[in-house]
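If you're wondering where the values come from, they're calculated on a predicted model, not measured in any experiment. Quick note on labels: first sequence line is chain A, next is B, and so on, each numbered from 1.
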Protein chains: 2
Amino acid sequence: MEKKESVRQEIIEAARQLFSRYGFRKTTMEDIARLTHKGKSSLYYYFKNKEEVFRAVIIHEASILRKALKEATTGISDPAEKLEKYMRVRMNTMKELINYYEAVEHEHDSHYSFVDQLRDQFDQDEAQAIRRILDEGVAQDKFQPLDTELAANTLVIAMKGLEYPLVWKGSAQNLNKRIQKIMKILFYGLLKR
Amino acid sequence: MEKKESVRQEIIEAARQLFSRYGFRKTTMEDIARLTHKGKSSLYYYFKNKEEVFRAVIIHEASILRKALKEATTGISDPAEKLEKYMRVRMNTMKELINYYEAVEHEHDSHYSFVDQLRDQFDQDEAQAIRRILDEGVAQDKFQPLDTELAANTLVIAMKGLEYPLVWKGSAQNLNKRIQKIMKILFYGLLKR
DNA sequence: TAGTTTTTCGACCATTTTGTTAAAATATTC
DNA sequence: GAATATTTTAACAAAATGGTCGAAAAACTA
């Protein structure tokens with residue numbers, strides 16, 4: 001029963017490589033099979049279908065992102081600093097996950113696919129995480145009292161806004177500057193003077 | 001009659017991007033059409049078929065490589081130096097063309113395809129170019145008298161030998177060291193003491 | 001403007017690729 | 001060696017793809 005999970009993991013890793021290089025559409029089950037040294041049909045013993053493989057890959061990546069965020073922010077006590085670090089890490093890590101979004105984003109036929117659902121779920125989690133930071137800031141009397149739920153959602157939307165241009169231009173320098181700008185505006189309106 | 005050629009060039013450029021990213025197989029005519037903002041059928045007005053597009057791209061790339069080689073070596077008078085520069089530039093430029101070779105190399109069904117022919121042609125040209133450098137070295141009395149045709153062919157083969165591992169490991173550092181080594185051996189046998 | 005040539009494109013076809021399934025075959029465990 | 005787990009084979013429907021053809025559109029010419 002342990003073996004099956006490890007093979008699943010192998011498949012996920014192989015699929016991850018292929019999806020990130022070729023996108024969802026251009027990656028075939030045979031590609032994945034070849035890379036795992038298996039027959040194409042064998043994959044269906046571990047996953048119901050191609051979409052399931054893709055979903056597993058995305059979930060895996062998302063968990064990595066979550067872990068990276070937690071790790072990066074966990075030592076920081078100052079909420080402002082933590083927030084800035086959070087956004088920076090999140091943007092930079094996201095740069096590498098963009099492929100997946102891009103891969104399916106361009107298949108806008110059947111809307112509200114499972115990717116949209118996953119994205120929504122992730123956005124919700126993210127808003128919650130950010131809200132916790134904001135709450136901390138308010139509790140420590142470093143942020144002005146505010147509707148943290150609304151503010152968190154706003155921040156998520158702002159990050160999504162930054163995310164999209166990323167697909168077109170991978171200009172990390174420009175991105176960091178934009179983050180800085182947003183953070184500056186944000187803090188000067190947020191921090192108690 | 002001028003316009004047609006410029007459109008051809010546009011198509012080639014678009015195809016170049018796609019082929020280098022996805023390889024020959026995974027790049028479809030519709031991909032190329034989409035990137036050129038044209039209907040798929042329109043492409044067949046400029047090229048007989050997909051293979052022709054591919055061939056045009058490769059020829060284009062080869063001419064770029066040739067130009068780069070000429071440009072890089074044209075100012076150098078010392079044959080030994082010129083030879084070293086030639087090999088270095090060739091290897092490093094080739095790194096970016098590898099995709100094409102890789103793309104079709106893995107379709108070893110119908111052998112002696114047009115890619116093999118093109119490659120042979122290129123090898124021949126290359127042997128000639130190298131031979132010219134060697135002749136220069138001999139004429140300048142800096143190289144020992146030798147069968148320059150044979151030596152040139154040997155060098156081409158040596159470079160091809162270096163080329164193949166490149167497909168698997170893009171370790172530029174390792175590559176440069178190997179070039180250095182070969183050049184060292186080559187020169188200590190070649191240079192007059 | 002009418003006619004001629006060049007260029008684009010949608011509809012269509014033949015073939016190949018691809019995702020998926022079911023059953024047979026093989027390996028592993030007990 | 002029965003039972004279970006895993007892989008392979010074969011097959012097939014649906015989708016994708018390379019390519020053709022003719023007609024429409026655009027550009028050009030007179």
Side-chain angles (χ1 to χ4, degrees), chain A residues 1-19 21-58 100 103-111 113-115, chain B residues 1-19 21-58 100 103-111 113-115:
Chain A
M1 310 302 162
E2 287 281 338
K3 187 67 171 283
K4 192 162 180 179
E5 192 49 36
S6 98
V7 175
R8 268 181 67 97
Q9 226 51 34
E10 272 180 54
I11 294 174
I12 290 178
E13 170 54 23
R16 190 190 61 80
Q17 284 177 241
L18 291 166
F19 282 137
R21 176 166 225 115
Y22 299 118
F24 179 76
R25 189 114 186 280
K26 282 187 188 296
T27 299
T28 77
M29 291 298 266
E30 217 169 280
D31 287 339
I32 302 173
R34 199 179 311 133
L35 199 57
T36 46
H37 305 286
K38 280 189 172 7
K40 179 174 57 159
S41 314
S42 303
L43 302 179
Y44 290 86
Y45 182 70
Y46 299 95
F47 295 92
K48 199 176 128 221
N49 51 32
K50 188 179 173 184
E51 213 167 274
E52 275 276 324
V53 180
F54 190 65
R55 174 184 276 135
V57 168
I58 287 199
Y100 304 111
V104 184
E105 200 75 37
H106 259 302
E107 290 167 35
H108 24 234
D109 19 301
S110 66
H111 214 34
S113 65
F114 73 101
V115 184
Chain B
M1 308 298 164
E2 287 283 337
K3 190 66 172 281
K4 193 165 179 178
E5 192 48 38
S6 98
V7 175
R8 266 181 69 96
Q9 227 50 34
E10 271 180 54
I11 294 175
I12 290 178
E13 170 55 22
R16 189 191 63 80
Q17 284 177 243
L18 291 166
F19 282 138
R21 177 165 230 113
Y22 298 118
F24 179 75
R25 189 116 190 281
K26 282 186 187 296
T27 298
T28 78
M29 290 299 266
E30 219 169 281
D31 287 338
I32 302 174
R34 200 178 310 134
L35 198 57
T36 45
H37 305 285
K38 282 193 172 4
K40 179 178 59 159
S41 317
S42 303
L43 302 180
Y44 289 87
Y45 181 70
Y46 298 95
F47 294 92
K48 199 176 126 221
N49 51 33
K50 187 179 173 184
E51 215 166 271
E52 274 277 323
V53 179
F54 190 65
R55 174 184 275 135
V57 168
I58 288 198
Y100 304 110
V104 184
E105 200 75 39
H106 260 303
E107 291 167 33
H108 25 233
D109 19 299
S110 66
H111 214 32
S113 66
F114 73 101
V115 184

Nucleotide D/dT6, atom C1' - distance to CD of A/Glu10 in whole Å: 13 Å
Pairwise distance CZ(A/Arg55) to CZ(A/Phe47) - rounded to 0.5 angstrom: 11.5 Å
Spatial distance of atom CD1 (B/Ile32) from atom NZ (B/Lys38) [nearest 0.5 Å]: 13.0 Å
Atom pair distance, as rounded to whole Å: CZ in A/Phe54 and P in C/dT20: 14 Å
Lys/Arg-Asp/Glu bridge criterion (N-O < 4.0 Å) met for A/Asp31, B/Lys26: yes
Flag side-chain contact, heavy atom, 4.5 Å: A/Glu52 against A/Tyr46: no
Nucleic acid contacts of residues 36-50 of chain B, taken as heavy-atom distances under 4.0 Å to DNA chain D: B/Lys40, B/Ser41, B/Tyr44, B/Asn49, B/Lys50
Out of C/dT17, D/dA16, C/dG19, whichever nucleotide has its closest atom nearest the side chain of A/Thr28: C/dG19
Terminal axis angle for the helix from C/dT1-D/dA30 to C/dC30-D/dG1, five pairs an end, nearest 10 degrees: 30°
Shortest non-hydrogen contact between B/Ile11 and B/Thr36, atoms and distance: CA-CG2, 4.0 Å
Distance below 4.0 Å between A/Arg25 side-chain N/O and D/dT17 OP1 or OP2: yes
Shortest non-hydrogen contact from B/Met29 toward B/Leu43: O-CD1, 3.3 Å
Mutual orientation of the aromatic rings belonging to B/Phe24 and B/Phe19 [parallel < 30°, tilted 30-60°, perpendicular > 60°]: parallel
Length of the line joining A/Arg34:CZ and C/dG19:P, which is rounded to integer Å: 11 Å
Between P of C/dC9 and CE of B/Met29, the distance in whole Å: 14 Å
Nearest-0.5 Å distance, CD of residue B/Glu13 to CG of residue B/Leu18: 9.5 Å
Rounded interatomic separation in angstrom, taking NZ from A/Lys26 and P from C/dT17: 14 Å
Integer-rounded Å distance: C/dT20 P and A/Glu30 CD: 14 Å
Nearest-angstrom distance from the residue atom CZ of A/Arg8 to P of D/dA5: 16 Å
From A/Arg16 atom CZ to A/Gln9 atom CD, the distance as rounded to the nearest 0.5 Å: 11.5 Å
